[in-house]
Amino acid sequence: MKRLVAGILTAALLTSAAGAVSYDPEAAGTSAPTATAVSETVSESVMAASLTAYPATMTVMLDGKQVKPVGYNINGNNYYKLRDIALILNGTTAQFGVTWDKSTRSMNLTPGSSYEAVGGELGAIPTKNATAQTCNETVLINGIKASLTAYNVDGYNYFKLVDLGDALGFDVGYESQTRTVVITTPTVEQPTPETPEETPEEPETPAEPEPTPSVSAIDGKLKIWIDPGHGGADSGNVATSAIPFDDYWGVHHDGNTKIYEKDFTLAVSLMLRDKLEAAGVEVRMTREDDSTVDATTRKQLFSTEGGGYDMIFSVHQNGYSTSTPKGAELLIQVAYENGGAGQEFGDLLKQEYTSLGQDWRRFVFQRSSSDPSKDYYFVLRAAQEGGALAFISEFCFMSNADDQLWLLYTENLDKQATAQYNAIMKYFETHPY
Ligand SMILES: [Zn+2]
């Protein structure tokens, strides 16, 4: 029994290490694992165990269209038949081929190749529980051993969908309200817009009046702590601007081609503060100017004083080493991975961000590798220790030319802050504070 438990623990650690990862290393206070977490660890190291596999009944959407891969829920995670996933991804930017080498009992996945169906794919959705055996075959990606959690059910291999996504470059999200698994393949990179006029136009509706929250009910009671990411000596993400740009403070950085995350996080945070205060909310700010607040100070503040606030909202903008990733992410405390307050607020913020026309990437729940019961991101971890609900918003990627247009215009920064304001007010309409 002991060995079995150890095996399951190992699997849990492996899968959390390969799980969702934010691209903003500064938000973590330590360097984040790379997105394609294909390590040398092999599935054979996980000892054989047989588990109950429950038919996966969630709706699965691929790039906006419903698909029906055969899947099981094993140990609380969704596993889908490898060849079903390969077939539905055929023709997308995330397509991959599957070949089987009998002599070495290894499966080779070739990202970018089209998948050749062998028959039997996309069969009937199972209705009965089955038994899952640990998959002992070696999995290679382009010939290199990959660490992917897999089980064998009735002779077919089922892979953990988020692992496949991380290894093969597609996103896997989950919408708890509709019980929908959302698979998103990367878009083909768009050419850099030459003029700001090419910004996706916002609908030309007249400015809507701010929603009138019940000020009397909120006044002096609701307490929000806004944390503008980075500051001072810590610039956060730095990117090259697609257009000549004076930052929010009228400062030119490096001949006004460089833009700093710390400036945008502060600008949005100040706008959010003003909106909340106008509605009678008591607001605390980690910083209100370009001062440096190091990670140690933030940890100390959130863990000792966070409990006095109804929410800590940390404002960041994302960045990555390539220009491909774009869209909004919300980092949520792992305590809400299976729903609850964190996910409920996340759904509201997602609704607000997407209604602006911004792409949605995903919710991120990232566990500490040294203590999987805790959050990986220090802001979320320290807030949890202090008893506070906390979020890290990554509205857009500074490293993507389209996405950074969300930052280069004051009115777009205001839209971001308004979306955050709306989500916070809506959330506390139905939650105690
Ligand atoms: Zn950041």
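Quick caveat: nothing in here was measured; it's all calculated off a predicted structure. In this chain, numbering begins with 1 at the start of the sequence shown.
For the pair Tyr376 and Leu331, the minimum side-chain heavy-atom distance is 4.5 Å or more. Counting only heavy atoms from C-beta outward, the side chains of Leu407 and Cys396 approach each other to under 4.5 Å. In this structure, Met271 and Tyr421 have side chains that are not in contact, with every pair of non-hydrogen atoms separated by 4.5 Å or more. Two residues are said to be in side-chain contact when any heavy atoms from C-beta on lie closer than 4.5 Å; Gln333 and Leu389 meet this criterion. Side-chain contact between Phe428 and Ile224 is present, with heavy atoms from C-beta onward closer than 4.5 Å. In this structure, the side chains of Ile88 and Tyr80 stay at 4.5 Å or more apart for every pair of heavy atoms. Proximity of Asn422 to Gln351: side-chain heavy atoms (C-beta onward) are nowhere separated by under 4.5 Å. When side chains are defined from C-beta on, Gln66 counts as touching Thr59, because their heavy atoms get closer than 4.5 Å.
In this structure, the side-chain hydrogen bond (donor to acceptor under 3.5 Å, both in side chains) partners of Asp414, at least two apart in sequence or on a different chain, are Lys275. Partners of Tyr158 according to the ring pair (Phe, Tyr, Trp, His ring centres under 6.0 Å) rule, which considers only residues two or more places apart in sequence or in another chain, are Tyr72. Residues that satisfy the side-chain hydrogen bond (donor to acceptor under 3.5 Å, both in side chains) test with Lys374, not counting sequence neighbours, are absent from this structure. In terms of the side-chain hydrogen bond (donor to acceptor under 3.5 Å, both in side chains) criterion, residue partners of Thr265 (sequence neighbours excluded) are, by chain and number, Arg287. Residues forming a side chain to side chain contact (heavy atoms under 4.5 Å, CB included) with Ala117 (at least two apart in sequence, or on another chain): Leu87, Tyr115, Glu121. Listed by chain and number, the residues in a ring pair (Phe, Tyr, Trp, His ring centres under 6.0 Å) with Tyr427 are Phe345, His431 (sequence neighbours excluded). Residues forming a ring pair (Phe, Tyr, Trp, His ring centres under 6.0 Å) with Phe159 (at least two apart in sequence, or on another chain): none. For the side-chain hydrogen bond (donor to acceptor under 3.5 Å, both in side chains) test, residues two or more places apart in sequence or in another chain that qualify with Thr110 are Ser113.
Side-chain N/O atoms of Thr149 and Asp163 include a donor and acceptor closer than 3.5 Å.
Under a 3.5 Å cut-off, the side chain of Thr180 and the backbone N or O of Val182 do not form any donor-acceptor pair. Looking only at distances, a side-chain donor or acceptor of Asn400 sits under 3.5 Å from a matching main-chain atom of Ser323. Under the 3.5 Å distance criterion, the side-chain polar atoms of Ser235 are left unmatched by any main-chain donor or acceptor of Tyr260. Judged by distance alone, with hydrogens and angles left aside, the side-chain atoms of Arg381 form a donor-acceptor pair with the main-chain N or O of Asp375 at under 3.5 Å. Remark: side-chain polar atoms of Asn237 are paired, donor with acceptor, to backbone N or O of Gln317 under 3.5 angstrom. Checked by atom type and distance alone, the side chain of Asn412 pairs as donor or acceptor with a backbone atom of Leu405 at under 3.5 Å. No donor-acceptor pair closer than 3.5 Å links the side chain of Gln300 to the backbone N or O of Thr296.
Residue pairs meeting the salt bridge (Lys or Arg N to Asp or Glu O under 4.0 Å) criterion with at least one member in residues 330-341, sequence neighbours excluded: Glu337-Arg367. Listed by first then second residue, pairs satisfying salt bridge (Lys or Arg N to Asp or Glu O under 4.0 Å) with a partner in residues 56-78 number zero, not counting sequence neighbours. Among residues at least two apart or in separate chains, ring pair (Phe, Tyr, Trp, His ring centres under 6.0 Å) pairs with a member in residues 286-306 are Trp225-Phe302. For residues 294-312, the salt bridge (Lys or Arg N to Asp or Glu O under 4.0 Å) pairs, not counting sequence neighbours, are Asp227-Arg298, Arg284-Glu305.
Rounded to the nearest 0.5 angstrom, Trp360 CH2 and Thr354 OG1 are separated by 8.0 Å. Once rounded to the nearest 0.5 Å, the distance linking CG of Asn90 with CD of Gln95 reads 5.5 Å. Residue Leu109 holds its CG atom at 7.0 Å from CG of Leu148, rounded to the nearest 0.5 Å. Here the CE atom belonging to Met285 is positioned 8.5 Å from the CD atom belonging to Glu277, to the nearest 0.5 angstrom. Taking CE of Met398 as the reference point, atom NE2 of His316 lies at 12.5 Å (rounded to 0.5 Å). To the nearest 0.5 Å, the span separating CD on Gln420 from OG on Ser269 amounts to 7.0 Å.
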Evaluate Leu82 against Leu164 for side-chain contact (heavy atoms from CB on, under 4.5 Å), listing each step before the verdict.
CA-CA 9 Å; Leu82 179 69; Leu164 274 181; 3.9 Å; yes
Is there a side-chain contact (heavy atoms from CB on, under 4.5 Å) between Ile392 and Val364 once you walk through the steps?
CA-CA 10 Å; Ile392 299 173; Val364 176; over 6 Å; no
Mind running side-chain contact (heavy atoms from CB on, under 4.5 Å) on Arg83 and Tyr156 for me, showing each step along the way?
CA-CA 9 Å; Arg83 289 181 175 277; Tyr156 290 98; 5.8 Å; no
Determine, step by step, whether Asp403 and Asp359 satisfy the side-chain contact (heavy atoms from CB on, under 4.5 Å) criterion, reporting the C-alpha distance in whole Å, the side-chain angles of both residues, the deciding distance to 0.1 Å, and the verdict.
CA-CA 9 Å; Asp403 244 20; Asp359 293 343; 5.6 Å; no
What do the steps show when you test Ser393 against Tyr353 for side chain to side chain donor-acceptor pair (under 3.5 Å), and what is the final call?
CA-CA 10 Å; Ser393 161; Tyr353 281 177; 2.7 Å; yes
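Checking each of Leu272, Leu270, Thr286 against Ile226 for a side-chain contact (heavy atoms from CB on, under 4.5 Å) leaves exactly one that passes, namely Leu272.
A perpendicular orientation is assigned to the rings of Trp406 and Phe395, their planes being inclined by more than 60° (bins at 30° and 60°).
The two atoms that bring Glu385 and Ser303 nearest to each other are OE1-CB, 3.9 Å, heavy atoms only. The shortest non-hydrogen separation linking Val268 to Ala417 is O-CB, 3.7 Å. In terms of heavy-atom proximity, Ala279 sits nearest to Met425 at CB-CE, 3.7 Å. Annotation for Ala388 and Tyr309: closest pair CB-O, 4.4 Å, computed over non-hydrogen atoms. Summarising the geometry of Ala130 relative to Val153, their closest heavy-atom pair is CB-CG1, 3.6 Å, with the distance given to 0.1 Å. Here the closest non-hydrogen pair linking Gln404 and Ile259 is NE2-CD1, 3.8 Å.
Under the 6.0 Å distance and 45° angle rule, Lys223 does not count as a cation-pi partner of Tyr433.
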